[in-house]
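Okay, structure first, notes after.
Every number for a ligand or one of its atoms is a count from 1 in the order of the listing. Residue numbers count from 1 along this sequence. Reckoned from all heavy atoms, side chains included, excluding hydrogens, waters and symmetry mates. Quantities reported herein were computed from a predicted structural model and do not represent experimental measurements.
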Amino acid sequence: MATHSTKVLIIGSGAAGLTAAIYAARANLKPILVAGLQPGGQLTMTTDVENFPGFPEGIQGPELMEQMQAQAERVGTEFLYDIITEADLSQRPFRCVGDSGDIYEGETVIISTGATARWLGIPSEEDYRGFGVSACATCDAFFFRGKDVCIIGGGNTAVEEAIFLTNHANSVTLIHRRDSLRAERVMQDHLFANAKISVIWDSVVEEVLGSTDPKAVTGLRLKNLKTGKTQDISTDGVFVAIGHTPNTSLFKGVLDTDGEGYLVTKPGSTTTNIPGVFAAGDVQDRVFRQAITAAGTGCMAAIEADRFLVEHGSNG
Ligand code: FAD
Ligand code: NAP
């Protein structure tokens, strides 16, 4: 088992962690970045990214993240493939343990562990996960060529994925629990203009219906929240796109979180309640949750870590 020591330990390799790494490396802090289960983060699950500045024609999510990683490594980041399973933030240097058994010591820590897709939490959803139930249209749409699929949710992800699914599926039914969407207006316009997409409003999934041999989704039992009526509809696949939960379980009871589990940072800063521990990106942002804001707070965290080290006499 190896011990890796650094002035700046960055946990997470999404837009926040990689931007923090670029800034920390350019400040000559020789950061170590632990990539986690999803190197590149959430954007590796999507296709076209059209709102990240600098790419007039848009860029594919995975490609953008590969470029960020290459940039971070070129300026001096040590990029390690491991998952942090324990974090002791009680004293400096802070000490984390990886799934590999390796120890990671940081005089400062930047937490950029992002967020993970949320599930409905009903038993039948779990039963059919991987057998017609998915949380990643970009990953699984291909399997539903010429089929009828449903997507659950009313945010940007649900709308974007519904549109993407029409490239493969015969029809897409978006099911939302209210009578208006949360997604940006321009995306709603694209959704409503797409002849392959229909919407069922005010409804939630009570049960995923399926066959056992072969194990496959065959339909959904829906409940209309306004009328209380249930109806069964046929479908070949269900994509769940109901948002994300911040990845903060490692820091429970140690770092301050809000009611939804997001890390609390001081307004206008990435500082947490523990001096020397900073949080950047979706893990501390319940409002914007964009690649560019994640990158922005990653930059802030690296600058704040640098200042902390100077103030504590350890940036030599
Ligand atoms: P994440 O991207 O979530 O990365 C978190 C990182 O932390 C991952 O690398 C993970 O492996 C790591 N990690 C987690 N736990 C651990 C651990 N224990 N140890 C080590 N590492 C760990 N935003 C846009 O601006 N434009 C878009 O077009 C856009 N499209 C999107 C499409 C989809 C389908 C989704 C889901 C999101 C989209 N977003 C988009 C939002 C954007 O992806 C996020 O805002 C952004 O990825 C947040 O970056 P992050 O670095 O904070 O976290
Ligand atoms: P989100 O904005 O939190 O939306 C989640 C949706 O799921 C909401 O419509 C919510 O309904 C619904 N929902 C939540 N829990 C549910 C449940 N248990 N049952 C049924 N429905 C439920 O999440 P998101 O769409 O994943 O977006 C996350 C962030 O990434 C956002 O900031 C978004 O802007 C960003 N993003 C951006 C882009 C882009 O810019 N192109 C693309 C994708 C995502 P209510 O509306 O009733 O709350």
Side-chain angles (χ1 to χ4, degrees), residues 9-20 33-53 58-61 64-65 68-69 80-87 96-99 104 110-122 125 135-139 151-161 163-164 174-184 186-187 190 202-205 225 239-251 260 279-298 301:
L9 174 62
I10 301 168
I11 310 175
S13 55
L18 287 169
T19 306
L33 182 150
V34 181
L37 200 58
Q38 190 178 45
Q42 290 172 64
L43 275 191
T44 58
M45 285 170 55
T46 194
T47 48
D48 293 303
V49 177
E50 294 188 337
N51 51 14
F52 199 87
I59 182 166
Q60 297 291 296
L64 176 62
M65 299 321 295
M68 276 195 211
Q69 180 180 338
L80 298 174
Y81 293 93
D82 203 351
I83 301 165
I84 300 299
T85 54
E86 289 172 43
C96 295
V97 181
D99 192 45
Y104 299 89
I110 296 175
I111 299 166
S112 46
T113 46
T116 302
R118 208 180 277 157
W119 294 93
L120 296 168
I122 51 177
E125 170 194 55
C136 180
T138 318
C139 321
I151 185 150
I152 322 296
N156 273 338
T157 302
V159 169
E160 193 173 79
E161 294 197 343
I163 294 164
F164 177 72
L174 185 141
I175 296 158
H176 184 40
R177 63 183 178 183
R178 292 188 295 123
D179 61 6
S180 64
L181 298 172
R182 180 181 293 275
E184 283 168 49
V186 62
M187 291 176 71
H190 290 317
D202 300 314
S203 297
V204 291
V205 177
L225 294 175
F239 289 86
V240 180
I242 61 168
H244 291 78
T245 304
N247 298 321
T248 53
S249 56
L250 272 176
F251 315 105
E260 284 188 53
D282 281 15
V283 74
Q284 54 83 58
D285 175 11
R286 61 185 290 174
V287 180
F288 301 106
R289 292 175 294 174
Q290 298 293 303
I292 191 68
T293 45
T297 50

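Contact annotation: Leu120 has at least one heavy atom less than 4.0 Å from an atom of ligand 2. The closest approach between a heavy atom of His176 and any atom of ligand 2 is below 4.0 Å. Within the structure, ligand 1 lacks Glu50 among the residues with a heavy atom less than 4.0 angstrom away.
In the vicinity of Gly281, heavy-atom distances shorter than 4.0 Å reach the ligand 1 atoms 52 (O). Residue-ligand proximity, Arg178 to ligand 2, at heavy-atom distances under 4.0 Å covers atoms 45 (P), 46 (O), 47 (O). Every atom of ligand 1 with a heavy atom of Glu161 under 4.0 Å away is listed here by number and element: 34 (C). In summary, the atoms of ligand 2 found under 4.0 Å from a heavy atom of His244, numbered by their order in the structure, are 26 (O). Here is the list of ligand 1 atoms found below 4.0 Å of a heavy atom in Ala115: 3 (O). Remark: ligand 1 atoms within the under-4.0 Å shell around heavy atoms of Gly12 are 6 (C), 7 (O), 12 (C), 21 (N). Of all atoms in ligand 1, numbered sequentially from 1 with element shown, those under 4.0 Å from a heavy atom of Leu37 are 11 (O). Using a 4.0 Å cut-off to heavy atoms of Ile11, the atoms of ligand 1 that qualify are 19 (N), 20 (C), 21 (N). For ligand 1 and Val34, the ligand atoms under 4.0 Å from any heavy atom of the residue are 20 (C), 21 (N). Here is the list of ligand 1 atoms found below 4.0 Å of a heavy atom in Ala294: 48 (C), 49 (O), 52 (O).
The closest protein non-hydrogen atom to atom 52 (O) of ligand 1 is Asp282 N, 2.8 Å. Among all non-hydrogen protein atoms, the one lying nearest atom 43 (C) of ligand 2 is Thr157 OG1, 3.4 Å. Remark: minimum distance from atom 10 (C) of ligand 2 to any protein heavy atom is reached at Arg177 NH2, 3.8 Å. The protein non-hydrogen atom at the shortest distance from atom 18 (N) of ligand 2 is Ile242 CD1, 3.8 Å. At the top of the distance list for atom 19 (N) of ligand 1, counting protein heavy atoms only, stands Ile84 N, 2.9 Å. Nearest protein neighbour of atom 38 (C) of ligand 2, counting heavy atoms only, is Asn156 CB, 3.8 Å. Distance from atom 41 (C) of ligand 1 to its nearest protein heavy atom, with residue and atom name: Arg289 O, 3.6 Å. The single protein non-hydrogen atom nearest to atom 21 (N) of ligand 1 is Gly36 CA, 3.1 Å, given as residue, atom name and distance. Summary of contacts: the protein heavy atom closest to atom 8 (C) of ligand 1 is Gln38 O, 3.3 Å. Scanning the protein for heavy atoms near atom 40 (C) of ligand 1, the closest one is Leu43 CD2, 3.7 Å. Of all protein heavy atoms, the one closest to atom 23 (O) of ligand 2 is Gly243 CA, 3.4 Å. Among protein heavy atoms, the minimum distance from atom 3 (O) of ligand 1 is reached at Gln42 NE2, 2.8 Å. Nearest protein neighbour of atom 27 (C) of ligand 1, counting heavy atoms only, is Asn51 OD1, 3.7 Å.
When non-hydrogen atoms are compared, ligand 2 lies under 4.0 Å from the side chain of Gln290 (C-beta onward) but not from its backbone. Under 4.0 angstrom from ligand 1, there are no non-hydrogen atoms of Cys136. Contacts of Ala291 with ligand 1, taken as heavy-atom pairs under 4.0 Å, involve both backbone and side chain. Proximity of Leu250 to ligand 1, defined as any heavy-atom pair under 4.0 Å, is confined to the side chain (atoms from C-beta onward). Contacts between Asn51 and ligand 2 below 4.0 angstrom, taking non-hydrogen atoms only, involve the side chain exclusively. Under 4.0 angstrom from ligand 2, the non-hydrogen atoms of Glu160 all belong to its side chain. Looking at Ala35 against ligand 1, only its backbone comes within 4.0 Å, counting heavy atoms.
Considering CG of Asn156 and CZ of Arg289, their distance stands at 9.5 Å, rounded to 0.5 Å. For the atom pair Thr245 OG1 and Arg118 CZ, the distance stands at 4.5 Å (nearest 0.5 Å). Here Ile11 contributes atom CD1 and Cys96 contributes atom SG; the two are 4.0 Å apart, rounded to the nearest 0.5 Å. Taking CD1 of Ile110 as the reference point, atom OG1 of Thr19 lies at 10.5 Å (rounded to 0.5 Å). One finds the CG atom of Asp202 at 12.5 Å from the CD1 atom of Ile175 (value rounded to the nearest 0.5 Å).
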Practice problem: Test side chain to side chain contact (heavy atoms under 4.5 Å, CB included) on Glu125 and Val240 and set out the steps. | Solution: CA-CA 9 Å; Glu125 170 194 55; Val240 180; 3.7 Å; yes

Practice problem: Assess whether side chain to side chain contact (heavy atoms under 4.5 Å, CB included) is satisfied between Ile122 and Val205, documenting all intermediate values. | Solution: CA-CA 9 Å; Ile122 51 177; Val205 177; 3.9 Å; yes

Quiz item: Does the side chain to side chain contact (heavy atoms under 4.5 Å, CB included) test come out yes or no for Ile84 and Thr113, once each step is laid out?
Solution: CA-CA 10 Å; Ile84 300 299; Thr113 46; over 6 Å; no

Quiz item: How far apart are the C-alpha atoms of Val204 and Leu225, what are their side-chain angles, what is the distance that settles it, and do they pass the side chain to side chain contact (heavy atoms under 4.5 Å, CB included) test?
Solution: CA-CA 7 Å; Val204 291; Leu225 294 175; 3.7 Å; yes

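Contact between Ala15 and Ala294 at its shortest, heavy atoms only, is CB-CB, 4.1 Å. Residue Ala291 comes nearest to Leu43 through the heavy atom pair CB-CD1, 3.6 Å, listed as atom of the first residue, atom of the second, then distance. Taking both residues in full, the closest heavy atoms of Asp82 and Val34 are given as O-CG1, 3.1 Å, listed atom of the first, atom of the second, then distance. When every heavy atom of Cys136 is checked against every heavy atom of Phe239, the shortest pair comes out as O-CE2, 3.9 Å. In this structure, Ala241 and Thr157 approach most closely via the heavy-atom pair CB-CG2, 4.0 Å. In plain terms, the two heavy atoms of Leu33 and Gly17 that are nearest each other are CD1-O, 3.5 Å.
For the 3.5 Å distance criterion, the side chains of Asp99 and Thr85 fail to qualify, holding no donor opposite an acceptor.
Considering backbone and side-chain N/O atoms, Gly153 never comes within less than 3.5 Å of an N/O atom of ligand 2. Considering both main-chain and side-chain atoms, His244 never comes within under 3.5 Å of ligand 1 through any nitrogen or oxygen pair. At a 3.5 angstrom cut-off on N or O pairs, Ile292 does not count as close to ligand 1. At least one N or O atom of Phe288, backbone or side chain, sits closer than 3.5 Å to an N or O atom of ligand 2. Among the atoms of Gly154, some N or O lies under 3.5 angstrom from an N or O of ligand 2. Looking at Arg182 next to ligand 2, an N or O pair under 3.5 Å apart turns up.
Which of Arg289, Met187, Arg286 comes nearest to atom 29 (C) of ligand 2 through a heavy atom is settled by distance: it is Arg289.
Taking a 6.0 Å sphere around CG of Leu37, one finds it holds 12 or fewer heavy atoms contributed by other residues, nucleotides or ligands.
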